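Fair warning: this is a prediction, and the values are worked out from it, not measured in the lab.
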Amino acid sequence: MSRQLNMDTVRQNFWKEEYLREKMLRCEWHHKYGSMVKAKQKAKTAAREPLKLPALPPKAPLSPPPAPKAVPSKAPSPALEAPIQSEMYPVLPATRALLYEGISHDFQGRYRYLNTRKLDMPERRYLFPITTNLTYGWQLGPPVKQELVSCKTCRIESFFRKNGAFALLDPQDLAL
């Protein structure tokens, strides 16, 4: 469907005057109320900014206590100065060496390291239970494998429902 253009010079002049009149109204409104709108916008942006607290003056550094001169000073070890706050025990060197052997694409490197690390019990990996799921499995020990000692009919009787949705058993189901 094509759009019909019923535009003659009278209608064109009408729309031209309407456009210019709206343009003039907008300019008058901006001249009259523009400064008030800008002031409100500045007030809103100032209210959104966080409150800045005054800076505290720097404290004077405390002088260290005088060290006795008779005792020779040892160089402090880096482990004592900055203790690592870790929730895991350190990894054995043999396990850590797996990281640098091969690539994960060949089931070596990181892949093999993570799989061997996964085999350790959580008590041997973590200092304490981190999540509530870990507390359930903490110090459970290795899983105990139980042998299934029963006859075929016992399994069938315990598997199928005696009453309920399928109360009548199909003879094909009993022929297991």
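Here the CD atom belonging to Glu101 is positioned 5.5 Å from the CG atom belonging to Leu98, to the nearest 0.5 angstrom. Between the NE2 atom of His30 and the OG atom of Ser35 there is a distance of 9.0 Å, given to the nearest 0.5 Å. Here Thr95 contributes atom OG1 and Leu114 contributes atom CG; the two are 11.5 Å apart, rounded to the nearest 0.5 Å. Atom CZ of residue Arg117 and atom CZ of residue Arg124 lie 9.5 Å apart, to the nearest 0.5 angstrom. In this structure, Leu20 CG and Leu25 CG are separated by 11.5 Å, a value rounded to the nearest 0.5 Å.
The local environment of CZ in Phe128 is crowded, with over 12 non-hydrogen atoms from other residues, nucleotides or ligands closer than 6.0 Å. Open room surrounds CZ on Arg112; 12 or fewer heavy atoms of other groups in view lie less than 6.0 Å from it. Counting non-hydrogen atoms of neighbouring residues, nucleotides and ligands closer than 6.0 angstrom, the CE atom of Met7 exceeds 12 such neighbours. Other residues, nucleotides and ligands place more than 12 heavy atoms under 6.0 Å from the CZ atom of Arg125.
Looking at Asn13 and Val10, their side chains never come closer than 4.5 Å, going by heavy atoms from C-beta outward. Looking at Tyr113 and Val91, their side chains come closer than 4.5 Å, going by heavy atoms from C-beta outward.
Under the ring-ring contact (aromatic ring centres under 6.0 Å, His included) criterion, Tyr100 pairs with no residue at all, not counting sequence neighbours.
Nearest heavy-atom pair across Tyr89 and Tyr126 is CE1-O, 3.2 Å. In terms of heavy atoms, Leu127 sits closest to Ser86 at CD1-O, 3.3 Å. Taking every heavy atom of both residues into account, Ser104 and Arg110 meet most closely at OG-CB, 3.4 Å.
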Quick one: do Thr45 and Gln41 satisfy side-chain contact (heavy atoms from CB on, under 4.5 Å)? Show the steps, please. CA-CA 6 Å; Thr45 56; Gln41 286 176 347; 5.6 Å; no
Show, in sequence, the C-alpha distance, side-chain angles and deciding distance for Phe14 and Asp8, and conclude whether the side-chain contact (heavy atoms from CB on, under 4.5 Å) test is met. CA-CA 10 Å; Phe14 166 76; Asp8 54 355; over 6 Å; no
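Using a 4.5 Å cut-off between side-chain heavy atoms of Ile, Leu, Val, Met, Phe, Trp and Tyr, with links allowed through other members, Leu134 and Met88 fall into the same hydrophobic cluster.
Within the structure, salt bridge (charged side-chain N to carboxylate O under 4.0 Å, His left out) pairs that include any residue of residues 9-18 comprise Glu18-Arg21 (at least two apart or interchain).
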